[in-house]
Amino acid sequence: MRRDVRILLVGDGQSKHVPIQFTNPTLTWLYLTTTATEGVGKSTIVTSLIKESFVPRVQHVVPEVTIPPEVTPENVTTYIVDSGSGPNDQHHLESEIRKAHVICVVYAIDNPNSFDRIPTYWLPYFRQLGVNVPVILVGNKIDLRGGEVTNEALEDEIIPIMNEFKEVETCVECSAKLPLNVSEVFYFAQKAVLHPTAPLYDSREHVLKKECVAALRRIFKLCDTNKDGLLDAAELNEFQRKCFDTPLQAQELEGIKEMVRQHADGGVRDNGLTEEGFLYLHTIFIQRGRLETTWTVLRKFGYGEDLRLTESFLYPKFEVPHDCSVELSPLGYQFLTVLFENHDKDQDGALNKEELEELFSTSPGNPWAGQKFPDTTIADDTGAVTLQGWLAQWSMTTLLDHRTTLAYLAYLGYPDEPRTSALQVTRPRKVDRRKGKVTRNVFLCYVCGAAGSGKTSLLRAFAGKPFSPVYEPTKKMNSVVNSVDIDGSEKYLVLQEFGSRYEAETLRNPKKTDLADVIVYVYDSSDTNSFSYISNLRQQYSLDHIPTLFVATKSDLDLALQRHEVQPDVYCRRLSLQAPIAVSVKTGQTADVFHAICRVAMNPNSAIPGGADRAVTAAARLRTYMKIASMVGGLSAGLYLVYRTFARPGGGGQGGWTAASWLAWLIGGSAGGGRREL
C-alpha cells in the first residue's frame with residue numbers, strides 16, 4: 001500500500017495581499033508571508049484544517065503542508081498542496097496536477113458558476129493533460145446557503161458529473177468559516193488514493209467490476225476450507241481474524257446473516273454464507289463508503305491496486321546458499337496433504353482431472369501442464385494422481401524450482417505466516433559428503449546414456465508407468481519422481497534425463513552438475529557400442545566428484561561383448577565402484593535399482609569414482625588448474641622455455657613429454673590422466 005498521499009486543491013479564485021504566520025507544531029511548515037484570497041476558498045480550507053479555526057484573511061496560495069503519518073487516521077504521510085488559477089500560475093498548476101495523487105476541485109456554494117466550470121473546464125482540463133487520478137468535488141461555504149438542501153437534491157447535481165467523469169469519487173460539502181466537515185475533505189481525499197473506488201466498483205451500473213468479483217470469488221474459495229461452498233461460523237471467524245485481527249461476536253455474525261437473508265436471494269444457505277452472499281456484503285460496504293473494508297481484505301490476500309497478486313506476495317524473500325537445496329517442511333507437507341484430501345470429493349484416494357481443475361481454480365492453472373503430468377509421478381489406472389504422487393510431485397517441484405512452490409502456496413491459500421515456513425533449506429552437499437551423513441530427504445539423479453539405451457523406459461518404470469515397446473528419442477529434459485522407502489524412512493528421488501539437445505549443456509556447466517546427488521550411467525547390455533558412449537562422456541566432462549552408479553539395461557536380451565578397452569565390470573572395479581546393476585524394464589526385473597540409487601545418495605562417499613579420497617584430490621586439482629589457467633597467459637612463455645631446456649628428446653612419441661602434458665604434471669596431473677588406464 002502507498003506510504004504517502006499528495007493532495008492538490010484547485011478551483012477558481014482571485015486574491016489580494018495580507019500577512020499571516022502559522023505555528024501549529026504537528027506540521028512541517030515554512031514561515032509564511034501571506035496574502036488573502038477571495039474566491040472558492042481553497043486556501044481558507046487548508047488554513048482552517050491547520051488552525052482548527054477560521055482565518056478570515058489568508059495567503060493567495062498557501063505553501064505545501066506536510067502532515068506526518070501519526071497525525072492521520074490512515075497512518076500515511078500526507079502532502080497538501082494549494083494552487084493558483086491565474087494566468088501566471090498556469091505552469092506551476094500543470095506541474096502540480098501531474099504530481100498529485102488526488103485532486104480536490106473546490107467550488108463555492110454561493111457561486112453557481114464555480115460549480116458549472118467543474119464539468120466544462122476543470123475535469124476536461126485534467127484529461128487533456130493525460131492525468132488519471134481520483135477527483136473529489138468540494139462544495140465550500142455551505143454556511144452561505146439559504147434554506148435546506150436534501151441529499152436527493154445534491155445527488156441530482158452530482159450524479160450527472162460522476163456518470164460522465166468516472167474519475168470523480170465523491171462530493172463533500174464543507175464550511176471553512178464554521179469550520180464544518182473540513183477534516184472530512186482530506187479524509188475522503190486520502191481514502192480515494194488508499195482505497196480507490198474505480199478498480200472495484202462501476203458507479204454507473206452500481207455493480208462490482210469483474211476483476212473485483214474474480215478476486216473476491218477466489219478469496220471465498222480459499223476461506224471455504226472444507227470445500228462445501230459455504231462459509232460457516234468457524235470459517236467466517238478465521239476470515240475475520242486473518243483480515244482484521246479480531247473474531248466476530250455471535251450476535252454480530254447473526255446480524256450479518258440476517259441482513260444478507262433480507263437483501264440477497266440465496267446469500268445464506270444451511271446457516272452458512274454463500275459466495276453470492278459474500279459478494280453482496282462487499283457491494284454494500286462499497287456503496288456505503290466503506291471501501292477500506294474491501295481493500296483490507298484484498299490486500300491481506302496479496303492483491304495490489306490493479307487487483308493482481310503482487311510480486312512481493314508471491315515471491316517473499318527466501319535465501320538459498322550455494323550447494324544447498326530446498327525441500328518442503330513438515331508444515332508444507334501437512335498443508336498439501338489436507339488440500340489433497342479436501343478436494344478428493346469421491347474419496348477414492350486420487351485426484352482426477354475435474355478435481356485437479358477445481359483445486360487449481362484459485363491459481364493460474366496446473367503448474368505442470370507442460371511437463372507430461374501426471375506421467376511424471378504416481379497415478380492410478382485411470383490417470384488420477386494419488387496422494388503419494390501428489391506429494392512426490394511437489395517435492396520435485398520444490399527441489400528444482402522452489403519459487404514456483406512459493407507462488408503456488410500463495411495461490412492455494414497456505415494459511416501460516418511467513419509462508420516460507422512451508423520450506424526448509426538443507427545442509428550443503430559438500431558438508432554432507434565430508435561428514436559422511438546426508439540429512440536431506442529429496443535427491444536429484446541425472447540419468448545419462450546413449451540414445452536407445454533405455455533411459456526413458458527406466459524413468460517410466462520408476463513412475464509406475466507401463467513399458468512401451470515403441471522407441472521415441474528424448475528431445476527435451478524429462479523428469480520423474482517417486483518416493484522410496486529406506487529402512488522405514490520415506491525419501492523422494494527425482495530422475496532426470498536430458499535428451500541429446502541438452503545433455504552437453506548440462507554436463508559442462510558446473511553449477512548444474514553440482515546440483516546432482518547421483519549420476520547414473522545407463523548402457524544397453526545387448527548393444528556392443530552402448531558402453532563406449534558413457535566412457536567417452538566421462539572422459540569429456542569432469543564428473544568424478546558426483547556419486548556414480550552404472551546400470552545395464554535390457555538384461556532379457558543376449559549379453560553383448562562391449563567394444564571397449566575393458567568390459568563394464570572391470571571398468572567399474574578399477575573405479576572402486578560396484579558392478580553395473582542389470583535390469584530389464586520390459587520383464588519388470590529392475591533389481592531394486594531405485595533403492596540402490598537412493599542408498600548411494602545417502603552414502604555418497606561409497607560411490608565416488610576412484611574412492612572418496614581421490615574425489616577430494618581431483619576436485620582440488622581442478623580448482624588449482626582453473627586458478628593457474630587464469631595466470632598462464634603471463635607464465636606460459638617462461639614455462640615453455642624451461643620445458644625446451646630440460647625436456648628429453650622424443651617429442652610426443654612413446655615415452656616422450658609434450659608441452660601440454662608437462663604443464664599438466666606441474667599442476668598435479670590432469671583430470672583425464674587418471675583415466676587412460678580405463
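Here, residue 1 is the first one in the sequence, and each next residue gets the next number.
Applying the 6.0 Å contact sphere to CG of D558 captures no more than 12 heavy atoms from other residues, nucleotides or ligands. Under a cut-off of 6.0 angstrom, the local environment of CD in E417 is crowded, with over 12 non-hydrogen atoms contributed by other residues, nucleotides or ligands. For K437, the NZ atom counts as loosely surrounded, since its 6.0 Å shell holds 12 or fewer non-hydrogen atoms of other residues, nucleotides or ligands. Atom NZ of K512 sits in a crowded spot, with more than 12 heavy atoms from other residues, nucleotides or ligands closer than 6.0 Å.
Rounding to the nearest 0.5 Å places CG of D380 at 10.0 Å from CG of L351. In this structure, NZ on K227 lies 8.0 Å from CG on L359, to the nearest 0.5 angstrom. Distance check: I486 CD1 to N603 CG gives 9.5 Å after rounding to the nearest 0.5 Å. The CE atom of M396 sits 8.0 Å away from atom CD of Q496, with the distance rounded to the nearest 0.5 Å. Interatomic distance, I534 CD1 to I519 CD1, rounded to the nearest 0.5 Å: 9.5 Å. Distance check: C448 SG to L507 CG gives 4.5 Å after rounding to the nearest 0.5 Å.
Counting only heavy atoms from C-beta outward, the side chains of S325 and R429 approach each other to under 4.5 Å. A heavy-atom distance below 4.5 Å is found between the side chains of W394 and W368. No side-chain heavy atom of P321 sits less than 4.5 Å from a side-chain heavy atom of P428. Annotation: side chain of D514 is in contact with side chain of H545 (closest heavy-atom distance under 4.5 Å). C223 is listed as a side-chain neighbour of F301, based on a closest heavy-atom distance under 4.5 Å. Residues K465 and D375 form a side-chain contact, since some pair of their non-hydrogen atoms from C-beta on lies under 4.5 Å apart. The shortest distance between side-chain heavy atoms of T426 and V326 does not fall below 4.5 Å. The shortest distance between side-chain heavy atoms of K242 and P415 does not fall below 4.5 Å.
Of all heavy-atom pairs spanning G488 and D485, the tightest one is N-OD1, 3.2 Å. Here the closest non-hydrogen pair linking S483 and Q388 is OG-NE2, 2.9 Å. Across every non-hydrogen atom of L331 and D416, the tightest pair is CD2-OD2, 4.4 Å. Nearest approach of C572 to A579, heavy atoms of both residues: CB-CA, 4.3 Å. Across every non-hydrogen atom of K586 and F467, the tightest pair is CG-CE2, 3.7 Å. Contact between L458 and V522 at its shortest, heavy atoms only, is CD2-CG2, 4.2 Å.
The backbone N or O of G389 sits less than 3.5 Å from a side-chain atom of T386, completing a donor-acceptor pair. Although no hydrogens or angles enter the test, the distance criterion places a donor-acceptor pair under 3.5 Å between the side chain of Q567 and the main chain of Q562. Between the side chain of S584 and the backbone N or O of Q589, no donor-acceptor pair lies under 3.5 Å. Not one N or O on the side chain of R433 forms a donor-acceptor pair closer than 3.5 Å with the backbone of N605. Side chain of N529 to backbone of R563: no donor-acceptor contact under 3.5 angstrom is found. Panel note: side chain R460, backbone V480; no donor-acceptor pair is recorded below 3.5 Å. With hydrogens and angles ignored, the 3.5 Å screen pairs no side-chain donor or acceptor of T377 with any backbone N or O of P374. A donor-acceptor pair is defined here as one N or O able to donate and one able to accept, closer than 3.5 Å; no such pair exists between the side chain of D401 and the backbone of T397. Remark: the backbone N or O of I546 is paired with a side-chain donor or acceptor of T548 at under 3.5 angstrom.
The aromatic rings of F360 and W390 are tilted relative to each other, their planes meeting at an angle between 30° and 60°. Ring geometry for Y492 against Y333 counts as parallel: the plane angle stays under 30°, on a 0 to 90° scale with 60° as the upper cut. The aromatic rings of F531 and Y523 sit perpendicular to each other, their planes meeting at more than 60°, with 30° as the lower class boundary. Ring geometry for F462 versus F594: interplanar angle of 30 to 60°, hence tilted. Between F335 and Y414, the angle of the ring planes goes over 60°, which puts this pair in the perpendicular group of the 30/60° scheme.
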TODO: Assess whether side chain to side chain contact (heavy atoms under 4.5 Å, CB included) is satisfied between L309 and R218, documenting all intermediate values.
DONE: CA-CA 11 Å; L309 294 175; R218 176 178 173 272; 3.9 Å; yes
TODO: Give the C-alpha distance, both sets of side-chain angles, the deciding distance and a yes or no for side chain to side chain donor-acceptor pair (under 3.5 Å) between S525 and S555.
DONE: CA-CA 7 Å; S525 61; S555 63; over 6 Å; no
Task: Pair R538-D544, salt bridge (charged side-chain N to carboxylate O under 4.0 Å, His left out): steps then yes or no - done: CA-CA 8 Å; R538 291 192 63 254; D544 278 1; 2.6 Å; yes
Open item on the list: Does E497 form a side chain to side chain donor-acceptor pair (under 3.5 Å) with T456? I'd like the steps, not just the answer.
Closed with: CA-CA 8 Å; E497 61 165 328; T456 301; 2.5 Å; yes
Open item on the list: Test side chain to side chain contact (heavy atoms under 4.5 Å, CB included) on S453 and D527; report intermediate values, then the result.
Closed with: CA-CA 8 Å; S453 61; D527 180 354; over 6 Å; no
Task: Derivation of the side chain to side chain contact (heavy atoms under 4.5 Å, CB included) call for L400 and L444 - done: CA-CA 9 Å; L400 301 179; L444 176 61; 4.1 Å; yes
TODO: Take Q393 and V385, measure what side chain to side chain contact (heavy atoms under 4.5 Å, CB included) needs, and give me the verdict at the end.
DONE: CA-CA 10 Å; Q393 184 74 27; V385 64; 5.9 Å; no
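In summary, the side chains of E490 and N441 do not present any donor paired with an acceptor at a separation below 3.5 Å, with no hydrogens or angles considered.
For the pair R308 and F313, the cation-pi test (distance below 6.0 Å, angle within 45°) is failed.
The salt bridge (Lys or Arg N to Asp or Glu O under 4.0 Å) check on D432 picks up R427, R440, with sequence neighbours excluded. Not a single ring-ring contact (aromatic ring centres under 6.0 Å, His included) links F443 to another residue, sequence neighbours left out. Checked against salt bridge (Lys or Arg N to Asp or Glu O under 4.0 Å), D487 has the following partners two or more places apart in sequence or in another chain: R599. Partners of Q424 under the side-chain hydrogen bond (donor to acceptor under 3.5 Å, both in side chains) rule, at least two apart in sequence or in another chain, do not exist in this structure. Checked against salt bridge (Lys or Arg N to Asp or Glu O under 4.0 Å), K554 has the following partners two or more places apart in sequence or in another chain: D524.
For residues 350-365, every residue pair satisfying the side-chain hydrogen bond (donor to acceptor under 3.5 Å, both in side chains) rule, not counting sequence neighbours, is listed here: K221-S361.
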